[in-house]
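Have a look at the structure below before the remarks.
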Amino acid sequence: MYTPSEIYKPSLSLLTDLYQLTMAYGYWKLGRDQEEAAFHLFFRQNPFKGGYTIAAGLAHVIDYVSTLKFEQEDLEYLAGLEGNDGEVLFEPLFIEYLRDLEFRCDVDGVPEGTVVFPQEPLLRVTGSILQCQLLETALLNMINFQTLIATKAARVCEATDRMPVLEFGLRRAQGVDGALAASRAAYIGGCAATSNVLAGRLLGIPVKGTHAHSWVMLFEDELESFNAYADVLPNNCVFLVDTYDTLEGVKNAITAGLRLRARGYEMVGIRLDSGDLAYLSVEARKMLDQAGFPDAVIVASNDLDEKTIESLRDQGSQIGVWGVGTRLVTGHDQPALGGVYKLAAVRKPGQQWQYKVKISEQTVKVSTPGILQVRRYEGESGYVADMVYDVGLGAGESGCIVDPMDSTRRRDVPTNTQFEDLLVPVLRGGKVVYEIPSVEESRTRARAQLEKFHPGIRRFLNPHEFPSGTEKHLFDLKTKLIMEARGLPD
């Protein structure tokens, strides 16, 4: 299993922004480090102007939090940091405090592969304010990127209408971990395989690949190169046909395929990597069928994404397998999810929670107070609405959901409607209490989830807006706190 703690040495305790440590130091210095806090990780808009998002990255969060510890090298580095006056930034007693620190936070998370929507918590973290604060940056790093890529993969797979998508992004990914995390998230989002062999070994994802243009160019002519490849790997023959003249390349692939068949093997197919993919795939399909290769698949690559694939299919292309690389693993046209991690409640030991709200001139940036949970309602034809509610206030008997961006938009859910609460316990007191699903199980969950939503949310242009909002009593409490913070009368 690929986990950050196994890949990276030494520890990841310094995978954080400096301001997390300076705030932690402040909590400790003021004697407030044991006050309890509740934080939620969420995002404000679906990526790619889409109608949904696929949650991913939870397994890495669990590994990170459950193994987190400041090692000697970490402490020595922190002890050497200086302030603007040249004096040490953190006093020695704080360094010793960090040495003995055991992370005992409770973490609840949305299972990977779950379809989620803006303003819904993907994580709820409760524990001492100091420990919750120190977790913020790394959790956002892990959830933001993998959720973005899983969503992009789901969109690409949607565009192909269930035809296989191969993730080819390793060489264009943002570094080693960017490549591994992207392969993982892309598989959860629906990709059938990856070219990344390390991801295959560590995660059990199927791996696929054939040869490059350099193989063809090594030989005197293209046919010789195809025959040589067939001799070496007769059970893996997808011939790359566009090194010189694409349709001539298809003819040479057919010749090599007939020779291969005479030896008792079958050509898997051909790959197109440039040119007019719609036209070339149609012509190649005719040639393959006429030559007796109706089962030979046409694989296409070349800077594909969901929009290009949708266009190619509208043009009647005969592509059967799609290789998608750069625009998948880099989250092309939206480089980041934009998830945030906000304080929602605090309390001193043994006292009641005090709810907190961050206000803003932008409605979308006003946070939701409380200890939050997400309830998903399901009717006979699928999912009907999501409600964010406070576990103390409850979901309300009326099941009234208020749109946080427009309080006049409300929806009542009948009391007998089936539901599922999305946030599940994953860590208690820093210990894992959750059986982490395999990437295959998370991939299956993503597909099953999408099938239960109205097809309109999967639409690329002007997608349907799924009803998701705040439980009425929580919305009223939030409004009250906003009014108080702005010094306005109720």
Side-chain angles (χ1 to χ4, degrees), residues 160 163-172 183 191-201 205-304 308-309 312-313 315-326 328:
T160 72
M163 285 185 282
V165 175
L166 311 180
E167 179 267 302
F168 282 174
L170 174 56
R171 65 186 61 193
R172 303 283 175 77
S183 293
C191 288
T194 180
S195 66
N196 187 339
V197 182
L198 183 57
R201 180 177 77 82
I205 299 173
V207 294
K208 296 291 182 181
T210 56
H211 65 80
H213 295 108
S214 54
W215 176 272
V216 178
M217 295 163 66
L218 177 66
F219 295 85
E220 291 301 315
D221 60 60
E222 187 174 58
L223 179 57
E224 182 187 357
S225 76
F226 290 170
N227 285 332
Y229 192 80
D231 289 342
V232 175
L233 289 162
N235 61 348
N236 194 53
C237 287
V238 176
F239 298 115
L240 180 59
V241 296
D242 72 325
T243 305
Y244 305 118
D245 180 290
T246 300
L247 295 182
E248 285 298 315
V250 177
K251 292 179 183 178
N252 286 328
I254 289 170
T255 301
L258 290 170
R259 178 175 174 269
L260 189 66
R261 181 177 287 170
R263 297 172 53 207
Y265 296 95
E266 197 66 21
M267 174 175 65
V268 178
I270 63 168
R271 179 160 74 97
L272 306 173
D273 191 46
S274 62
D276 186 336
L277 297 180
Y279 166 76
L280 291 171
S281 67
V282 170
E283 294 304 307
R285 182 76 272 157
K286 293 177 184 176
M287 295 166 67
L288 291 166
D289 290 349
Q290 290 172 2
F293 292 97
D295 296 328
V297 68
I298 298 175
V299 183
S301 52
N302 189 23
D303 287 335
L304 300 176
T308 307
I309 291 170
L312 286 167
R313 294 189 68 241
Q315 296 173 61
S317 74
Q318 295 298 302
I319 297 163
V321 175
W322 305 82
V324 187
T326 305
L328 170 55

Open item on the list: I need the Leu277 CG to Ser301 OG distance, nearest 0.5 Å.
Closed with: 8.0 Å
Task: Parallel, tilted or perpendicular: rings of Phe239 and Tyr229 (30°, 60°) - done: perpendicular
Open item on the list: Measuring only between side-chain heavy atoms, which start at C-beta, is Asn227 closer than 4.5 Å to Phe219?
Closed with: no
Open item on the list: Checking the side chain of His211 only, and the main-chain atoms of Val216 only, is there a donor and an acceptor separated by less than 3.5 Å?
Closed with: no
Open item on the list: If you count heavy atoms of other groups shown closer than 6.0 angstrom to CZ of Arg313, is the number above 12?
Closed with: yes
Open item on the list: With rounding to the nearest 0.5 angstrom, report the CZ to CE distance, Phe293 to Met287.
Closed with: 12.0 Å
Open item on the list: I need the Thr210 OG1 to Trp215 CH2 distance, nearest 0.5 Å.
Closed with: 11.0 Å
TODO: Search all heavy atoms of Ile298 against all heavy atoms of Ala284 and return the closest pair with its distance.
DONE: CD1-CB, 4.0 Å
- [ ] Could you go through the side chain to side chain contact (heavy atoms under 4.5 Å, CB included) check for Tyr244 and His213 one step at a time?
- [x] CA-CA 9 Å; Tyr244 305 118; His213 295 108; over 6 Å; no
Open item on the list: Please give me the minimum heavy-atom distance between Asp273 and Arg271, naming the atom from each residue.
Closed with: OD1-NH1, 3.6 Å
- [ ] List the atom of Gly169, the atom of Ser195, and the distance in Å for their closest heavy-atom pair.
- [x] N-OG, 4.5 Å
Task: Residue pair Gly320 / Met163: nearest heavy atoms and the distance that separates them - done: O-CB, 3.6 Å
Open item on the list: Tell me the closest heavy-atom pair linking Met267 and Ala296, and the distance in Å.
Closed with: CE-CB, 4.2 Å
Task: Side-chain heavy-atom pair Val241, Val250 within 4.5 angstrom cut-off - done: yes
Task: Interatomic spacing from CG in Leu233 to CG in Leu260 - rounded to 0.5 Å - done: 10.5 Å
TODO: Would you mind reporting whether Tyr279 and Gln315 have side-chain heavy atoms less than 4.5 Å apart?
DONE: no
TODO: Under the side chain to side chain contact (heavy atoms under 4.5 Å, CB included) rule, what do Phe226 and Ile270 come out as? Steps first, then yes or no, please.
DONE: CA-CA 11 Å; Phe226 290 170; Ile270 63 168; over 6 Å; no
TODO: I would like to know whether Asp242 and Leu280 meet side chain to side chain contact (heavy atoms under 4.5 Å, CB included); could you show each step before the answer?
DONE: CA-CA 10 Å; Asp242 72 325; Leu280 291 171; over 6 Å; no
TODO: Find out whether Val268 and Val297 are in side-chain contact, i.e. whether some heavy atom of one side chain is under 4.5 Å from a heavy atom of the other.
DONE: yes
Open item on the list: For residues 245-260, which residue pairs pass the side-chain hydrogen bond (donor to acceptor under 3.5 Å, both in side chains) check, not counting sequence neighbours?
Closed with: Glu222-Asn252, Asp231-Arg259, Glu248-Lys251
- [ ] Inspect the surroundings of CZ in Arg171 and state if more than 12 heavy atoms from other residues, nucleotides or ligands are less than 6.0 Å away.
- [x] no
Open item on the list: Ignoring hydrogens, what is the shortest heavy-atom contact between Ala199 and Ser183? Give both atom names and the distance.
Closed with: CB-CB, 3.7 Å
Task: Donor-acceptor contact present, side-chain Glu283 to main-chain Ser281, <3.5 Å - done: no
TODO: Measure the shortest side-chain to side-chain distance between Glu167 and Ile205 over non-hydrogen atoms and say whether it is less than 4.5 angstrom.
DONE: no
Task: Test side chain to side chain contact (heavy atoms under 4.5 Å, CB included) applied to Val324 and Ile309, step by step - done: CA-CA 10 Å; Val324 187; Ile309 291 170; 4.1 Å; yes
Open item on the list: Would you compute the distance between atom CG of Leu272 and atom CG of Asn302 and round it to the nearest 0.5 angstrom?
Closed with: 10.0 Å
Open item on the list: Once rounded to the nearest 0.5 Å, what's the spacing between atom CZ of Phe168 and atom CG of Asn196?
Closed with: 12.0 Å
Open item on the list: Given 3.5 Å as the limit, does a donor-acceptor pair link the side chain of Thr308 with the main chain of Leu304, or not?
Closed with: no
